[in-house]
Amino acid sequence: QVQLVESGGGSVQAGGSLRLSCAASGPNFGTRVMGWFRQAPGKEREFVGAVSSAGSSTRYADSAKGRFTISRDNARNTVYLQMDGLKPEDTAVYYCAATRSNVAYVIYSAVNHYMSWGQGTQVTVSA
């Protein structure tokens with residue numbers, strides 16, 4: 001497994017931007033799909049988006065399309081979530097997650113495909 005540490009959360013007004021980072025330590029980072037999920041109070045954890053192991057492909061939830069961008073730097077063992085045009089409904093704890101190693105040609109959206117999780121970072125968007 002890998003250890004994941006998120007950073008970059010905070011409070012912003014609607015329409016603002018935040019960039020979350022997730023630093024990974026452990027083996028085979030560059031062979032794992034990396035995902036971002038979020039969980040609002042009283043709600044289930046939901047998929048935000050993910051990036052393929054090589055960084056060449058991404059997949060987003062409908063709520064994130066056109067506003068959020070996921071990227072990764074395998075040389076730095078880091079994945080990013082750039083969030084623009086934030087809305088109050090984006091308020092949640094955001095989690096970074098990693099699949100098992102050696103995943104190619106697929107980008108998972110289901111929680112149960114991800115085996116390592118960070119501690120989460122709070123994002124609060126005010127109206």
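Excluded from the calculations below are hydrogen atoms, water molecules and symmetry mates; all remaining heavy atoms, backbone and side chain alike, are included.
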Distance col, row Ile70:CD1 vs Ser52:OG, nearest 0.5 angstrom, shows 10.5 Å
Lys43 and Gln39 have their tightest heavy-atom pair at O-NE2, 3.1 Å
**Test item: Thr69 side-chain N/O and Gln82 main-chain N/O as donor-acceptor pair under 3.5 Å** = no
* Are Tyr80 and Leu20 connected in the hydrophobic side-chain network, where two residues link if heavy atoms are under 4.5 Å apart? -> no
The complete set of side-chain hydrogen bond (donor to acceptor under 3.5 Å, both in side chains) pairs with one or both residues in residues 88-97, sequence neighbours excluded, reads Arg38-Asp90, Arg38-Tyr94, Arg67-Asp90
Rounding to 0.5 Å, atoms CZ (Phe37) and CG (Leu81) come to a distance of 12.0 Å
Between the CD atom in Gln3 and the CG atom in Asn77, the distance rounded to the nearest 0.5 Å is 11.0 Å
In terms of hydrophobic clustering (I, L, V, M, F, W, Y; side-chain heavy atoms under 4.5 Å; direct or indirect links), are Tyr114 and Leu4 co-clustered? no
Here the pair of heavy atoms bringing Arg32 nearest to Ser101 is NH1-N, 3.4 Å
Taken to the nearest 0.5 Å, the spacing of Arg19 CZ from Ser7 OG works out to 9.5 Å
Is Val123 reachable from Val93 through a run of hydrophobic residues whose side-chain heavy atoms are each under 4.5 Å from the next? no
Tell me whether Trp36 is reachable from Val12 by hopping between hydrophobic residues (I, L, V, M, F, W, Y) whose side-chain heavy atoms are closer than 4.5 Å. yes
When every non-hydrogen atom of Ala40 is compared with those of Ala92, the smallest separation belongs to N-CB, 3.8 Å
Tightest non-hydrogen contact, residues Ala50 and Ile107, listed as CB-CG2, 3.4 Å
Determine the interplanar angle of the Tyr108 and His113 rings, folded into 0 to 90°, and report it as parallel if under 30°, tilted if 30 to 60°, perpendicular if over 60°.
parallel
Nearest heavy-atom contact between Pro88 and Ala14 is CD-CB, 4.1 Å
- Item | Main-chain N/O of Arg76 paired to Thr78 side chain as donor or acceptor, under 3.5 Å | yes
All heavy atoms of Ser17 vs all of Gly85, minimum pair found to be OG-N, 4.4 Å
One should read off an interatomic distance between Arg72 CZ and Cys22 SG, to the nearest 0.5 angstrom, of 10.0 Å
Checklist entry - Okay, side chain of Glu6, backbone of Cys96: is any donor-acceptor separation there less than 3.5 Å? => result yes
Same cluster (ILVMFWY, side-chain, under 4.5 Å), Phe68 and Val79 | yes
